[in-house]
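The sequence lines fix the lettering, A, B, ..., with proteins before strands; numbering per chain opens at 1.
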There are 2 protein chains.
Amino acid sequence: MKQPATIQSLDEAMPSRRGLNRAQSVAETIKDWIIDRGLAPGDRLPQEPQLMADLGASKGTIREALKVLETQGLVRMRTGPGGGAFITDVGDDLAGALLANHFFFKQVSIADIYRLRILLEPQLVKDLASHISSAQIAELRDRMSTYREPPASIEEEREQRTAELEFHEALASMSKNPLLGFICGFLARLLKDLAVCRRIYDKPNPELRESGLSYQEQLIAALSAGDASTAHTVMQDHMRTAQKIMLAQEAEITRAFLSM
Amino acid sequence: MKQPATIQSLDEAMPSRRGLNRAQSVAETIKDWIIDRGLAPGDRLPQEPQLMADLGASKGTIREALKVLETQGLVRMRTGPGGGAFITDVGDDLAGALLANHFFFKQVSIADIYRLRILLEPQLVKDLASHISSAQIAELRDRMSTYREPPASIEEEREQRTAELEFHEALASMSKNPLLGFICGFLARLLKDLAVCRRIYDKPNPELRESGLSYQEQLIAALSAGDASTAHTVMQDHMRTAQKIMLAQEAEITRAFLSM
DNA sequence: AGATATTTGTTCGTATGTATT
DNA sequence: TAATACATACGAACAAATATC
């Protein structure tokens, strides 16, 4: 059954969106559609000509509105026959990118990040111990093998440091608590992206590396044994030493900066 | 003379942005400009005709790109002479709304939220104790007066509960750690929306209220005395009690986020 | 206070690219 | 291979908002 036109009622159904221009207003209207028609990821929105008719807006405006939804990660556009705008789940990485924008102009220090990591990461693995699967443990073991051997070059040094952070991202993605998982993943991502950290990672740092390696072994052992409290302790120790090392490095680098 | 293929030169001027369409690619390019030209909030981007020339894109495309940046909260558009796209700070509320979108289809439980609050809020006030100003303490005292007296109706009950969460948002906004502050604020916001949408707080709950009142007095006392460890303990106790009470009424957040 | 110039906002018509059949 | 259906992009014109004189 086709439901032809809620057409011109829309211009009136839509008046009281103060402060927004047409495209944003259209985007909000489409959002409302999604809500009260209960559309789920995978469902398709009407096509552009249809939207133009239904919302009484031109192509350009419709496109701007869809762009809004797309950058919010709510829909994904596809070309070709059968194409159009599809409702999609908002991926962690996109949400992380958006959130990273928020901290674009704020100064987030390494100290700020580690203050959170020290609190959250131990809790994360503590919860994880009770429900982690053997397949997931295997995945963690697999990641570890990446940096089995000491780095031979600066590039390898940085690669290993990145891999270590991705180990934490993997842990985060396994959490049953979406909030906790997302935040831990985001913190790891911030460390990966932060300019200051990049400089830190450029120098060899065997101390941090060895600490990382031994803790990971202990952590995996504790996780596969389902030993929550040991996992918690191991992670906490690791975070504390990592914090110390990173803060020392940060201080050193800023000192080097000042002397220029 | 018409120049048919501006498109060609663009593919070369703007290489290696795989998978993105033109508007998104343009948006990324503009972002890069912002970064390496060191543009700060308040600075202005070139105007549309200029951007069209510089990026070799049509007006519609430029507008889509600017729309992307606008919905990400990175720029704000203004009409009229001297108007254009202005770099802007990304407000906490917008970032929160975007992040809330991310949890639109996920199920976040009250248990999930409180697991984080128990860890983070105590740390927040502990840090706060060392640098809070007397003006800020006055503001907190002022907020408390809102719910001095027991609620007379269901509506007042809910209002007081909201005010209590806004007390936490105020605390969060005072943090010197932007990450910690943002996350605590976001958690309070989640609970607030949860309250509005799911009517969890509709029943009178004198136990929670009294616990809240007495803890706030103790907290403010500790903060104005600069007593970090007491502030930490007080908040931790409060969070634990609140968690117990709330878990009794545990319900899951489903949708209701998008309307923000 | 009002006219005007400047700049974004919106629309239409059309052409091109791309994936499905 | 050709035909189709859809998004994607261009360009020109017009409408609305707003600062300046």
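- At distances below 3.5 Å, not a single donor-acceptor pair connects side-chain atoms of B:Asp127 with backbone N or O atoms of B:Leu124.
- B:Ser109 and B:Asp112 are linked by a side-chain donor-acceptor pair at a separation below 3.5 angstrom, with hydrogens and angles left out of the test.
- Among the candidates A:Arg189, A:Lys192, A:Arg143, the single residue satisfying the side chain to side chain donor-acceptor pair (under 3.5 Å) test with A:Glu169 is A:Lys192.
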| In B/S/- notation, 5' to 3', how is nucleotides 16-21 of chain D contacted by protein heavy atoms closer than 4.0 Å? | -BBB--
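- Residue-level contact check: B:Gly84 touches the backbone only, with heavy atoms under 4.0 Å from sugar-phosphate atoms and none from bases.
- Between A:Arg115 atom CZ and A:Leu187 atom CG the span is 14.0 Å, to the nearest 0.5 Å.
- When the side-chain nitrogen and oxygen atoms of B:Arg22 are compared with OP1 and OP2 of C:dG17, none of them lie within a distance under 4.0 Å.
- Regarding A:Arg76, its CZ atom lies at a distance of 15 Å from the C1' atom of D:dC6, rounded to whole Å.
- Relative ring orientation between A:Phe103 and B:Phe182 is described as perpendicular, the plane-to-plane angle rising above 60° on a 0-90° scale split at 30° and 60°.
- Distances from the side chain of A:Gln47 to the nucleotides C:dT11, D:dA7, C:dT8 place D:dA7 closest.
- Put simply, CE on A:Met77 is 12 Å from P on D:dC6, counting in whole angstrom units.
- With hydrogens and angles ignored, the 3.5 Å screen pairs a side-chain donor or acceptor of A:Thr29 with a backbone N or O of A:Ser25.
- D:dC10 atom C1' lies 12 Å from atom CD of B:Glu64, rounded to whole Å.
- Using a 4.0 Å heavy-atom distance criterion, A:Glu48 is classed as a base contact.
- One interatomic measurement links the two molecules: CE of A:Met52 to P of C:dT10, which rounds to 14 Å at whole-angstrom precision.
- For B:Lys59, whose side chain is taken as the heavy atoms from C-beta onward, the closest listed nucleotide among C:dT7, D:dA7, C:dT10 is C:dT10.
- Taking atom CZ on B:Arg63 and atom P on D:dC10, their separation rounds to 15 Å, with Å as the unit.
- When the P atom of C:dT7 is taken as reference, atom CD1 of B:Ile62 falls 16 Å away, rounded to whole Å.
- A straight line from CG of A:Leu66 to C1' of D:dT8 spans 12 Å, rounded to a whole angstrom.
- Counting non-hydrogen atoms of neighbouring residues, nucleotides and ligands closer than 6.0 angstrom, the CZ atom of B:Arg44 exceeds 12 such neighbours.
- In this structure, B:Leu51 places its CG atom 16 Å from P of D:dA9, rounding to the nearest Å.
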